[in-house]
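When a ligand or atom number is given, it counts from 1 through the structure's own listing order.
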Amino acid sequence: MKINETDIEKIRECKKVAALTGAGISAESGVPTFRGEEGLWKKYQPEELANFDAFMKNPELVWEWYNYRKELIREVKPNPGHYALAELENIIPDFTLITQNVDDLHRKAGNRSILELHGNIMKNKCLDCGKITDSIGPIEKGELPRCECGGLLRPDVVWFGEMLPQDVLKKAFNVSEQSDLFFSIGTSAVVQPAASLPLIAEENGSFVIEINTEPTVISDTVSLFLQGKSGEILPELIEKVWHVS
Ligand code: BJW
Ligand code: ZN
């Protein structure tokens, strides 16, 4: 990891820290990302499955994708990148984790100050009565999950063309704007409005660190781009900056 002493000092001084995470932070736990060849499920682009019209047209297909992911997510564990962010929340009293992920791995790692922008894959919402449930009873093959009112259930996540939870989004904008240190970790930074958060942080004078295995659309403008796996870079960075005797 390439980082100079001036940047280490600057980062150490920061008091208000926010971190935005995307699918890449969970990749080392075995959760596939969305974009790029390896991320695709049965060759579908995320835009083709993660939208309401696709669900209404073919709910079986969309539920098949979610059931596959839910089963996978139930089995996986947080990785050193998640644990590093949980440690950061203990080190920095004013720390907020903003995640686009729906896999709950940050909570499992120990973070408590979490803003979930795109919902949670383990929750479901009834299309008729709006009730949220986190359990679905056993379903016969070929059947769709239904609410106790008989309505069709959908995953309680945010699809393309849908509004993000407004209270959560407002808090995410506020903490990004007020941060003096902002991390953008394992996200391609293309899906709005989450992709605006690093830019808003930067515009307001925050020191923005991006951690990603590949350069993204924001890599050229951030204060520091650290290329590599978040499960390796984050523990190393915490060691260098905050583990000082
Ligand atoms: C590693 C790694 C390792 C790998 N270590 N790194 C303005 C302009 C243009 C379009 C829009 C706009 N505003 C809104 C839109 C439309 C749309 C949008 O942004 N489209 C763009 C694609 C162009 N946005 C929306 O529709 C949003 N809603 C909205 O704006 O509402 C207002 C509105 C309403 C009505 C009309 C108009 C406006 C909603 C977006 C919802 C996104 N939902 C999904 C699915 C969630 C549920 C689920 O999980 O199933 O969210 S799509 C998918 O993408 C998921 C993710 O959270 C999201 C972001 O993906 P992410 O996390 O960045 O993953 P990847 O795969 O893209 O990247 C992984 C990265 O990790 C890569 O860079 C790797 O290199 C890296 N990596 N291993 C570190 N070990
Ligand atoms: Zn219902």
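- Remark: side-chain polar atoms of Thr96 are not paired, donor with acceptor, to backbone N or O of Ser113 under 3.5 angstrom.
- Of the N or O atoms in Gly22, none lie within a sub-3.5 Å distance of an N or O in ligand 1.
- Of the protein's non-hydrogen atoms, Thr213 OG1, 3.3 Å is the one closest to atom 77 (N) of ligand 1.
- Ranking protein heavy atoms by distance to atom 14 (C) of ligand 1, first place goes to Gln192 CB, 3.8 Å.
- Remark: atom 38 (C) of ligand 1 lies closer than 4.0 Å to no protein heavy atom.
- Closest to atom 5 (N) of ligand 1 among all protein heavy atoms lies Ser230 N, 3.0 Å.
- Atoms of ligand 1 lying under 4.0 Å from at least one heavy atom of Glu162, given by number and element, are 27 (C), 28 (N), 29 (C), 31 (O), 39 (C).
- Of the candidates Thr99, Asn111, Val76, Val76 is the only one forming a side chain to side chain contact (heavy atoms under 4.5 Å, CB included) with Leu105.
- Under a 3.5 Å cut-off, the side chain of Trp63 and the backbone N or O of Leu153 do form a donor-acceptor pair.
- Counting protein heavy atoms only, atom 74 (C) of ligand 1 is closest to Asn212 OD1, 3.4 Å.
- For Asn212 (side chain) and Pro215 (main-chain N/O), no donor-acceptor pair under 3.5 Å exists by modelled atom type.
- Our summary of the site lists the angle at the Zn ion (ligand 2) between SG of Cys129 and SG of Cys126 as 110°, to the nearest 10 degrees.
- A cation-pi contact links Arg154 to Trp159, judged by a cut-off of 6.0 Å to the six-membered ring centre and 45° from its axis.
- Nearest heavy-atom pair across Ile233 and Gln227 is CD1-O, 3.6 Å.
- Between Glu47 and Arg35 there is a salt bridge, with a side-chain nitrogen of the basic residue lying less than 4.0 Å from a carboxylate oxygen of the acidic one.
- Contact atoms of ligand 1 toward Val102: 49 (O) (distance under 4.0 Å to a heavy atom of the residue).
- Within the listing of ligand 1, atoms 3 (C), 5 (N), 80 (N) sit less than 4.0 angstrom from a heavy atom of Glu28.
- Under a cut-off of 6.0 angstrom, the local environment of CD in Glu148 is sparse, with at most 12 non-hydrogen atoms contributed by other residues, nucleotides or ligands.
- Here Arg74 does not pair with Glu71 in a salt bridge; the nearest charged N to carboxylate O distance is not below 4.0 Å.
- Within ligand 1, counting atoms from 1 as listed, the ones closer than 4.0 Å to a heavy atom of Trp159 are 39 (C), 41 (C).
- Near Ala27, the atoms of ligand 1 lying under 4.0 angstrom from a non-hydrogen atom of the residue are 78 (N).
- Considering only non-hydrogen protein atoms, atom 35 (C) of ligand 1 sits nearest to Gly161 O, 3.0 Å.
- Of all the listed residues (Glu232, Met163, Arg35), Met163 holds the heavy atom that lies closest to atom 32 (C) of ligand 1.
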